[in-house]
*Asks:* 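The structure under discussion is supplied below as structure tokens; questions concerning it will follow.
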Amino acid sequence: MAYSCSSSSSSTSSFFSIKPKTPSPKPHFPKPHFIKASTNPSPPPQQQPKPISVSKPRRPLDENIRDEARRNNPTYSHLFSAKYVPFSPDPSHQTSDESYSLDEIVYRSRSGGLLDVEHDIAALKTYDGKYWRDLFDSRVGKTTWPYGSGVWSKKEWVLPEIDDADIVSAFEGNSNLFWAERYGKQFLGMNDLWVKHCGISHTGSFKDLGMTVLVSQVNRLRKMNRPVVGVGCASTGDTSAALSAYCASAGIPSIVFLPANRISIAQLVQPIANGAFVLSLDTDFDGCMHLIREVTSELPIYLANSLNSLRLEGQKTAAIEILQQFDWQVPDWVIVPGGNLGNIYAFYKGFHMCKELGLVDRIPRLVCAQAANANPLYLHYKSGWKDFKAVKANATFASAIQIGDPVSIDRAVYALKNSNGIVEEATEEELMDAMAEADSTGMFICPHTGVALTALIKLRKSGVIGKTDRTVVVSTAHGLKFTQSKIDYHSKEIKDMACRFANPPVHVKADFASVMDVLQRYLLSKSPNH
Ligand SMILES: Cc1ncc(COP(=O)(O)O)c(C=O)c1O
Ligand SMILES: N[C@@H](CCOP(=O)(O)O)C(=O)O
């Protein structure tokens, strides 16, 4: 197998070669478990939520945290439920009563369309917005199983019926949302720019948020003796890394289809190290996706790509988390890089649920950013949403979004139309320059985040995004997964790219005079009067 970098330049010759509704809940609705069950097993229903941080006796030595959760947490699975329904771009015109239990193995509706996970919103509405805000807030930063996870802290909204014992989690989520002070001020004249760093996660990308949900459900299905021998995906690198890690953690075989020579080495080594069965295929991601869909319809392999709507239930928690991190204030804009286009819908769904259930009163405007080399959504948007056409995706430094025929196109269009959304694109030079400039302010972002920043730069220039607009850029993966692209850039070894912000190391003779000379010139160039 040839392990090569994703980018157009693979040179290594450079210097680097080296709560309930007021006044009280319906009597048959017990308080969810965040009331400290161990010290107060059956709290009166009208009691206000208590944080779970009340000190508790340490669990017996022969008990693990799953056992402890089973002993302490009453089961509320009978209160809330979810099912698969056909995804409809116009829910008001949904006439079919087609639906499936989440315990069925089904990825497509009878008509071949997408599915969506539909929650029993009436049951969730029995509790008001304040109740949910307080509940979610009470779970942050704990190790109580499974709520220490940013995803499972919202379990009632994600997979309400799963037994805590079946959950496979690495306490993913709760990723930092940081103020990009210097970048915002220096490059965009903005004072309220934020980066949601979904790449600071177990396997280094936002895919963990969806994969914990999918693999947990597979774990449950296998315990129910459903025919699932393994779990498979096509991947541009991040889905496969997350799948293989969560499967390995649960002892479930994983199979990954990768486009040969199109993903970074750091991404490739993840499924290899986690013991996945890795197929390197001489095709692009769209080719791999086509194959995995065929294969999973023939073999007892469960499909882990975002075509499977379970994934999006986990991914939507990043949106809920953003609101939570802003103390339930709504940002004006959220910018998300898009490839297979599941994530933009997941963000929409998370924001929309928060509004529908009264946690907030509006949703942000969404921007989906694509690489110009793989821009089917952008072209569709520019055509006024007429006749979607898949494209042949060309090589891009944002290799994880080199996708020409996105499976979630309908979901993405729905999300954008319903959030007064915008689609932007970034050329290779724009995305690499944006990445370099962001890095120069202390970030270390992935090229996909460079795509999102480019969209922001363009929308600031055109005045669409105002200088005081509270804006969140979603950083989808850790920059350490994409070091080769940074090496190529800072080596100025990318054909037809000026690499304007390259910062190559200076080779200096190892003697005092030479080092002093170089340092004096550097300090002079940095002095305030220079
Ligand atoms: C790092 C990274 N960013 C962005 C995306 C785009 O997400 P989506 O495919 O859900 O549009 C992906 C995967 O496609 C990714 O791996
Ligand atoms: N970037 C993705 C592409 C597949 O997306 P998915 O969300 O449908 O699994 C990857 O990392 O593989």
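Whatever order the structure lists ligands and atoms in, that order sets their numbers, starting from 1. Being a predicted model, the structure only gives us computed values, none of them experimental. Counting from 1, the numbers follow the sequence of the chain as shown. Note that these values count all heavy atoms, side chains included, but never hydrogens, waters or copies made by symmetry.
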*Asks:* Which ligand 2 atoms, with their elements, are less than 4.0 angstrom from a heavy-atom of S235?
*Replies:* 10 (C), 11 (O), 12 (O)

*Asks:* For the side chain of N219 and the backbone of D166, is there at least one donor-acceptor N/O pair under 3.5 Å apart?
*Replies:* yes

*Asks:* Checking V472 against F326 for the side chain to side chain contact (heavy atoms under 4.5 Å, CB included) test, could you report, in this order, the C-alpha distance in whole Å, the side-chain angles of both residues, the deciding distance, and whether it holds?
*Replies:* CA-CA 11 Å; V472 179; F326 283 132; 3.6 Å; yes

*Asks:* Taking heavy atoms and a distance under 4.0 Å, where does Q315 meet ligand 1: side chain, backbone, both or neither?
*Replies:* neither

*Asks:* Within the structure, does D238 bring an N/O atom to less than 3.5 angstrom of an N/O atom in ligand 2?
*Replies:* yes

*Asks:* Are R365 and D332 ion-paired here, with the side-chain N under 4.0 Å from a carboxylate O?
*Replies:* no

*Asks:* What are the atoms of ligand 2, with element, lying closer than 4.0 Å to any heavy atom of N340?
*Replies:* 4 (C), 5 (O), 6 (P), 8 (O)

*Asks:* Between the side chain of Q267 and the main-chain N/O of S264, is any donor-acceptor distance below 3.5 Å?
*Replies:* yes

*Asks:* Evaluate G342 for polar contact with ligand 1, using N/O atom pairs at a separation under 3.5 Å.
*Replies:* yes

*Asks:* For atom 5 (O) of ligand 2, find the nearest protein heavy atom and state the residue, atom name and distance (0.1 Å precision).
*Replies:* K207 NZ, 3.3 Å

*Asks:* Please state which option from L377, I401, T236 has its nearest heavy atom closest to atom 4 (C) of ligand 1.
*Replies:* I401

*Asks:* F444 and F482: ring-ring contact (aromatic ring centres under 6.0 Å, His included), yes or no, with the steps?
*Replies:* CA-CA 10 Å; F444 195 76; F482 300 93; over 10 Å; no

*Asks:* Considering only heavy atoms of P337, which atoms of ligand 1 have at least one such atom less than 4.0 Å away?
*Replies:* 4 (C), 6 (C)

*Asks:* For atom 7 (O) of ligand 1, which protein heavy atom lies nearest, and how many Å away is it?
*Replies:* F206 CZ, 3.4 Å

*Asks:* Is I344 close to ligand 1, meaning an N/O of one under 3.5 Å from an N/O of the other?
*Replies:* no

*Asks:* Identify the closest protein heavy atom to atom 13 (C) of ligand 1: which residue and atom is it, and at what distance?
*Replies:* K207 NZ, 3.0 Å

*Asks:* Just going by heavy-atom distances, which of S205, C198, G339, G237 is nearest to atom 11 (O) of ligand 1?
*Replies:* G339

*Asks:* Between T476, N340, N343, flag the one that comes closest to atom 9 (O) of ligand 1 by a heavy atom.
*Replies:* N340

*Asks:* I need the nearest protein heavy-atom contact for atom 8 (P) of ligand 1: residue, atom name and distance, please.
*Replies:* L341 N, 3.4 Å

*Asks:* Taking atom 9 (O) of ligand 2 as the point of reference, which of I292, T239, T236 owns the nearest heavy atom?
*Replies:* T239

*Asks:* Check K349 with D116, please: is the shortest side-chain N to carboxylate O separation under 4.0 Å?
*Replies:* yes

*Asks:* For A400, state whether at least one heavy atom is located under 4.0 Å from any atom of ligand 2.
*Replies:* yes

*Asks:* Quick one: are the ring centres of H380 and W385 less than 6.0 Å apart?
*Replies:* yes

*Asks:* Taking only heavy atoms of S306, which atoms of ligand 2 are found under 4.0 Å from at least one of them?
*Replies:* 6 (P), 7 (O), 8 (O), 9 (O)

*Asks:* Identify, by atom number and element, the atoms of ligand 1 in contact range of D238, meaning under 4.0 Å from any of its heavy atoms.
*Replies:* 1 (C), 2 (C), 15 (C), 16 (O)

*Asks:* I'd like to check L114 versus L307 (side-chain heavy atoms, cut-off strictly below 4.5 Å). Are they in contact?
*Replies:* yes

*Asks:* Roughly how far, to the nearest 0.5 Å, is the CG atom of N373 from the CG atom of N375?
*Replies:* 8.0 Å

*Asks:* May I ask you to check whether I403 has an N/O atom sitting below 3.5 Å from an N/O atom of ligand 2?
*Replies:* no

*Asks:* Could you tell me how the ring of Y246 sits relative to the ring of H202: parallel (under 30°), tilted (30 to 60°) or perpendicular (over 60°)?
*Replies:* perpendicular

*Asks:* Is the shortest distance from a Lys or Arg side-chain nitrogen in K486 or D439 to a carboxylate oxygen in the other one below 4.0 Å?
*Replies:* yes

*Asks:* Between R226 and E104 (salt bridge meaning N to carboxylate O under 4.0 Å), is one present in this structure?
*Replies:* no

*Asks:* Which atoms of ligand 1 sit under 4.0 Å from any heavy atom of A477?
*Replies:* 1 (C)

*Asks:* Counting the benzene-type ring for Trp, do Y414 and F87 have ring centres under 6.0 Å apart?
*Replies:* yes

*Asks:* Is the closest basic N to carboxylate O distance between K223 and D163 below 4.0 Å?
*Replies:* no

*Asks:* So, does S240 sit close enough to ligand 2 that a heavy atom of it is under 4.0 Å from the ligand?
*Replies:* no

*Asks:* Does an N or O from A400, backbone or side chain, lie closer than 3.5 Å to an N or O of ligand 1?
*Replies:* yes

*Asks:* State the atoms of ligand 2, each with its element, that fall below the 4.0 Å cut-off from a heavy-atom position in F285.
*Replies:* 3 (C), 4 (C)

*Asks:* Between F136 and W157, does the ring centre distance come in under 6.0 Å?
*Replies:* yes

*Asks:* Where's the contact between R311 and ligand 2, heavy-atom distance under 4.0 Å: side chain, backbone, both or neither?
*Replies:* side chain

*Asks:* Please confirm whether S306 approaches ligand 1 to less than 4.0 Å, judged on its heavy atoms.
*Replies:* no

